[in-house]
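See below for the structure under consideration.
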Amino acid sequence: MSFDVMDYFRQETLPHIWCPGCGNGIILRDFAVALERLNYPRDEVVIVSGIGCSSRAAGYLNFDTVHTTHGRALPFATGIKLANPNLKVFVIMGDGDSSAIGGNHLIHAARRNIDLTAIIFNNNIYGMTGGQFSPLTPRDKKATTAPYGMIEQSFDICRLAEGAGATYVGRATTYHNQLLTQLIIDGAQNPGFSLIEAVTHCPTSYGRRNGMASPSDMVRWQKDNAVWIDKVRAGKAEVKDGQFTIGLLHRHEAPEFTQAYMEVIKRARGQE
Amino acid sequence: MIQIETNKTPKCELEIKKQWCKGCNLCVAACPRSVLALDLLGKIKVVEAEKCIACGLCESTCPDFAIRVIKNA
Ligand SMILES: Cc1ncc(C[n+]2csc(CCOP(=O)(O)OP(=O)(O)O)c2C)c(N)n1
Ligand code: SF4
Ligand code: SF4
């Protein structure tokens, strides 16, 4: 680790606003490492985010960044990508941002297989607004709006994206840093819609209410409950109740939306 | 002005930005050799530099970019 991650940040904006021990800083770092390895020209990278603690990540990165509105990062990103398909567009969203208010945008971006790389910061809660449950809050877990425990079933956002048509889907955690970096790199190189779920920890709004008082308790929980998909596929591990898989979960090939759109433009102009 | 504190260990230099440390303890828990601890004010400090193996886990787990591991050439 010889390169200085600071080269990728707007240093005047640091230290960041996140709480002590918040996992968002870890994902931000892993993302910066991925950008360094991808080595795209800086002015070809665009980072779009929605609203939430996680979405503040875009503002710290020294690239062209757009901090949009709650749930609408994907529509902005779609517009940017269509206006200039050569850009490498990354989309940062929280679990609430991407699966509740922005849930429809998510499934349709996946269905179109538009070449965007979405990184979902999943802290299982609405962090910024003080800990209301999100569609990714697991059953029985507590939130300010579920003081007796969540009674609804939660989404598996990776399976949701896969079912909707995403061509690259992976999951890692803030404990499994190197995997997260690798998934972001591979997702960026996939010519289509890529979704990477980064399981992160919100000590302030989630951990405190759910028996994990310290950030290190939360990271230990990730370590103990993440099961490598390769081991599951090889029959060497099973996913117990409350556990989740990590790794490259799904990949397939399908026509990409901006390319199909450019072809239509050519056809309409009689250039074909 | 951000101050950078440099700690020499057998295999690397541990660069620490104390002003950015929020005292979350993640690096202390991640270090396999108990090189790090929090001081009385809850800020990171190097306590057993000679044990450091330059694995880089503290750097990659610190959410606040307060530690950098610069391996010896
Ligand atoms: C249209 C709109 N509705 C509601 C809000 C209030 N709001 C701000 S952040 C947020 C949810 C944050 O949760 P999540 O997306 O999971 O991100 P986190 O803060 O946990 O990273 C909400 C509901 C808003 N800013 N805009
Ligand atoms: S409220 Fe939670 S997600 Fe937001 S900065 Fe604090 S720990 Fe992080
Ligand atoms: S991980 Fe970073 S912020 Fe947390 S105690 Fe260590 S140096 Fe401080």
Side-chain angles (χ1 to χ4, degrees), chain A residues 1-34 53-54 56-57 60-61 121 123 172-181 198 200-204 207 213-223, chain B residues 1-47 49 52-73:
Chain A
M1 267 168 225
S2 49
F3 104 99
D4 190 352
V5 79
M6 283 305 132
D7 295 344
Y8 285 75
F9 292 151
R10 293 174 175 139
Q11 291 187 42
E12 68 284 5
T13 62
L14 294 170
H16 56 59
I17 56 144
W18 295 315
C19 302
C22 172
N24 290 350
I26 303 178
I27 307 176
L28 179 57
R29 181 175 200 292
D30 295 340
F31 183 28
V33 174
C53 296
S54 42
R56 296 294 293 255
Y60 299 119
L61 289 158
F121 287 43
N123 57 11
T173 76
T174 45
Y175 175 77
H176 302 85
N177 293 100
Q178 292 181 8
L179 173 65
L180 183 54
T181 301
T200 179
H201 50 279
C202 168
T204 305
S214 75
S216 34
D217 289 341
M218 300 193 79
V219 173
R220 199 171 314 113
W221 180 88
Q222 294 173 5
K223 176 177 174 238
Chain B
M1 255 296 283
I2 180 93
Q3 286 164 11
I4 300 179
E5 178 193 298
T6 306
N7 300 267
K8 282 203 190 316
T9 86
K11 295 193 170 150
C12 67
E13 279 182 1
L14 290 176
E15 262 189 17
I16 290 187
K17 290 177 182 154
K18 238 181 203 172
Q19 287 148 289
W20 283 9
C21 171
K22 292 178 188 162
C24 70
N25 210 50
L26 280 175
C27 58
V28 179
C31 175
R33 304 299 291 265
S34 308
V35 172
L36 307 166
L38 296 184
D39 67 16
L40 283 174
L41 294 174
K43 296 275 183 178
I44 193 63
K45 71 170 177 187
V46 176
V47 286
C52 174
I53 52 172
C55 65
L57 282 175
C58 55
E59 176 177 336
S60 65
T61 201
C62 174
D64 287 272
F65 324 119
I67 311 182
R68 200 174 155 213
V69 177
I70 304 166
K71 289 189 182 161
N72 294 348

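Each chain gets a letter, A, B and so on, in the order the sequences are listed, and its residues count up from 1. Atoms considered below: every heavy atom in the structure, side chains included; atoms not considered: hydrogens, waters and symmetry mates.
Put simply, CZ on A:Arg29 and SG on B:Cys62 are 9.0 Å apart, with the number rounded to the nearest 0.5 Å. We find the CG-CG distance between A:Asn177 and B:Leu57 to be 8.0 Å, quoted to the nearest 0.5 Å.
Proximity to chain A at a heavy-atom threshold of 4.5 Å picks out nothing from residues 32-45 of chain B.
Interface remark: A:Phe9 contributes side-chain atoms only to the contact with chain B (heavy atom separation under 4.5 Å). For A:Met218, no part sits under 4.5 Å from any heavy atom of chain B, backbone or side chain.
Of the listed residues B:Leu26, B:Ile2, B:Val28, the one with more heavy-atom pairs under 4.5 angstrom with chain A than any other is B:Leu26.
The 12-atom threshold is not exceeded at OH of A:Tyr175, counting heavy atoms of other residues, nucleotides or ligands nearer than 6.0 Å.
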N/O donor to acceptor pairs below 3.5 angstrom from side-chain atoms of residues 14-23 of chain A, sequence neighbours left out:
from    : atom 1 : to      : atom 2 : distance (Å)
A:His16 : ND1    : A:Trp18 : N      : 3.2
A:His16 : ND1    : B:Lys22 : NZ     : 3.1
A:His16 : NE2    : B:Pro63 : O      : 2.7
A:His16 : NE2    : B:Asp64 : OD1    : 3.2
A:Trp18 : NE1    : A:Cys53 : O      : 2.8

